[in-house]
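Before any comments, here is the structure.
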Amino acid sequence: RNGVELRSLGTSPAAFKEDLLSNLYYRRGTTVESASAQDAYETLALTVRDRLAERRARTAAAHYAANPRWVYYLSAEYLLGPQLEQNLLYSGTAEAARTALEACGFAPDEIAALDVEPGLGNGGLGRLAACLLDSLATMDIPAVGYGIRYDLGIFKQEFHDGRQVERPDDWAFQGDPWEFPAPDDRQVVGFYGSTSVVGGRTVWTPGETVLGEPSHLLVPGYGTATVNIVRLWRAQASEASFDLTRFAAGQYAEAVQDAVRAENISKVLYPDDSTPAGRELRLKQQYFLVSCSLRDIVRRFRLRNGDWADFASKTAIQLNDTHPVLAIPELMRLLVDEEGLDWDHAWSLVRRTFNYTCHTLLPEALETWPVDMLGRLLPRHLEIIYLINAELLDEVRARFPDDLDRVRRMSLIQEEPTRQVRMANLAVTGTTRTNGVAALHTQLLTSTVLRDFHDLWPDRFVNVTNGVSPRRFVRLADPLVSALISDGLGTDRWLSDLSLLSGLAPLVADASFRSRWRDVKRANKAALGLGDPAALLDVMVKRFHEYKRQQLKLLHVITLYHRILAGGYDGVPRTVLFGGKAAPAYHAAKNIIHLINAVAARVNADPATDGLLTVVFPANYNITLAERVIPAADLSEQISMAGKEASGTGNMKLSLNGALTIGTLDGANIEIRDRVGADNFFLFGLNAAEALTLRSGDYRPRDHYAADGELRAALDVISAGAFGGVGQEVAASLLDRDEYLTLADYRSYVDRQSDVDAAWRDQERWTTMSILNTARTGYFSSDRTVADYLTHIWHASPVRVDA
Ligand SMILES: CCc1ccc([C@H](C)CC(=O)N[C@@H]2O[C@H](CO)[C@@H](O)[C@H](O)[C@H]2O)cc1
């Protein structure tokens, strides 16, 4: 644009080294001789970032010229992972960087270890958002991710006497070289206050305002010039908030209290991943994200478009679960109150602009907000929600006359026991498409929690099965298997077309390929350094939740221990690895963590288990650790109660890295099994319908306790306090309630584990199954997921960016 030519940065090692040195001097203000490792890291990051920023400039120019239809992804969470390795790979400068660093006397691995990961998410939902952004850029789709730049990310997990202890995660303490602050795009966000009608228009006068300052990170595409962005908002006090009078009077705390109050909005990520904390600050965070992002989206629309009628055709906004659903009444407010559009026109634009992804089936995870809290914080939005509700219920009454129960169930307002706004109902009502994240999940959504809405608007519901980025979770995490795959296929094009993995299937007949495949897995286990690399590495890594049933894996461990103590043990040597955090207020999950560490201490200390059974639980499971554990795994534990795990994405990452799955017919496990073949999947347990029947019938967990000696022994040893008196409440809740049918699935699970042992003993058979798991799970690429979103929901097209 305006004929300004961008000088392109050289890609040669010499050019890279030259830039690294000049950045060290001019941007870091130090010299090679006196530079610290942190200096080297920051300078390296800037030098790599510059090369991506050059592509970003070209991308922005191409997008401006194309005036395309945009995909905007609104998410309260992003688990982007460490940025350095990714940006070295995507900029093609990994080798040049290593040579330049060594030439300057820096140790590349020491420098890379300084790369912190922005832990701006809890688990599956946050990581999916990051994988989708990676695929959108790789597929040249004009897209922006919007989120919150929390000062403190997901807590750091430490174990003290086996108990989880949470430590604040001040991830940007050293600053973040990858982000671009953009203070000139600040937005003003209002809260509280009141509304009045002036000249037929409603005016909201907020009681307080804060500023939203954006900074963005680059989201490079793989194997293409496109570089999109993710824009993260940080709350700041409006300059007027510092109270000089109070300061002069020595009331220092009071002088800054408004500023602190404002900044608190983006201070910390809420560490819950199932039960909403229901705190007003969380609601403030959600509106803060929505208000800043919609204003920025409208600003961008106006750069190239003048007619509101074009807004929906130029803008597809995806709501990542209910957390950003206030965007629906907020856009109505902007269009009706600020832009003066009439209600119906505004409503049709809003509905055509938004789409909603639901990520859960747990009733307690579906957010509702107290009417009085929402009405106090956002008075105009509550009015708009009431108006939307009135129209909805008119439609319901017209379609299902005299069905008061249905009206009560579908209302956006829950009346009993307290008046609450149902965010999932608002999400379905105010969007064009609602999708689940796996076939079973979408089917259950439309037949249970959202059944009424499916009855009213069946075509609004569509399934889009999750996926994962093969660049992050195969190429970056597992360079050894990536090299072997490229060698086996004779190309590395599989990295942008994962369906090519199917070309590996015939290689199961090639004994040398099988042996190289085994060597890679063993090398990855050795690199992980947890347990004997020759042992079967049995991995369960995910957030702790009783529906995911880490407690079932633990009962299996205790059963194996008992079998070893009993003598004549014929199981294969096994290392059982747990990884994952529990929400700080989720005591049942924290008790399970405590018990796992107590059992591990006992099993690992007992010489009887040497060479047979080891239990490891590395603390602080995050993307960085996942990238080390997943390539090393032989067995993937996906053992949730059927009908509870919406999809799972760890299951996909582990299969793609050649781990075999033991699992239930839940979430995406079903689709993984359908693709890898029943012979290459260890299935067990009740399916969703059977589980629901048992759960809603008179399920008595004690019957299983009474009927199964090994189960009884495992529960008794816990209840007896044999593991340092830890975990008795875990055993008690399994015997009394067992909400997630752990005891009902125990026998089927433990017996299937014996089949795992049998398969492992035949290493050629195991390796064949492992190669077939990788070969047949190309479908679970987030590129395929994005292609499905484009076909069924977003309808956006790629814009070519010249290299
Ligand atoms: C309000 C508290 C809260 C916060 C986060 C959530 C998320 C929806 C929980 C989550 O991460 N769900 C997971 O999303 C993944 C991506 O779609 C799925 O693969 C997992 O099955 C699902 O548990 C629920 C409730």
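Counting begins at 1 with the first residue of the sequence. Numbering of ligands and ligand atoms starts at 1, following listing order.
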Short list, please: which atoms of ligand 1 are under 4.0 Å from a heavy atom of [X]?
| X | result |
| --- | --- |
| Ser647 | 19 (O), 21 (O) |
| Ala646 | 21 (O) |
| Tyr547 | 23 (O) |
| Gly648 | 18 (C), 19 (O), 20 (C), 21 (O) |

Per-residue contact class, [X] against ligand 1 - non-hydrogen pairs under 4.0 Å:
| X | value |
| --- | --- |
| Asn466 | side chain |
| Asp321 | side chain |
| His323 | side chain |

May I ask you to decide if [Y]'s main-chain N or O and [X]'s side chain share a donor-acceptor pair within less than 3.5 Å?
| X | Y | answer |
| --- | --- | --- |
| Glu645 | Ser647 | no |
| Ser291 | Tyr287 | no |
| Gln164 | Ala582 | yes |

> Would you call the rings of Tyr146 and Trp233 parallel, tilted or perpendicular if under 30° counts as parallel and over 60° as perpendicular?
Replying inline: parallel
> Once the angle between the rings of Trp457 and Phe453 is folded into 0 to 90°, is it parallel (under 30°), tilted (30 to 60°) or perpendicular (over 60°)?
Replying inline: tilted
Nearest protein heavy atom to [atom], by residue and atom, and its distance?
| atom | answer |
| --- | --- |
| atom 7 (C) of ligand 1 | Leu125 CD1, 3.9 Å |
| atom 25 (C) of ligand 1 | Ser274 O, 3.5 Å |
| atom 20 (C) of ligand 1 | Glu645 OE2, 3.3 Å |
| atom 9 (C) of ligand 1 | Asp273 O, 3.3 Å |
| atom 4 (C) of ligand 1 | Asp272 O, 3.3 Å |

[Y] and [X], any side-chain heavy atoms less than 4.5 Å apart:
| X | Y | answer |
| --- | --- | --- |
| Leu683 | Thr664 | no |
| Leu595 | Ile592 | no |
| Thr442 | Val462 | no |

>> Is it the case that the ring center of Phe617 lies less than 6.0 angstrom away from the ring center of Phe544?
In response: yes
> Hey, does Arg282 come in under 3.5 Å of ligand 1, counting only N/O atoms on both sides?
Replying inline: no
> Heavy-atom distance to atom 12 (N) of ligand 1: which of His359, Glu77, His545 wins?
Replying inline: His359
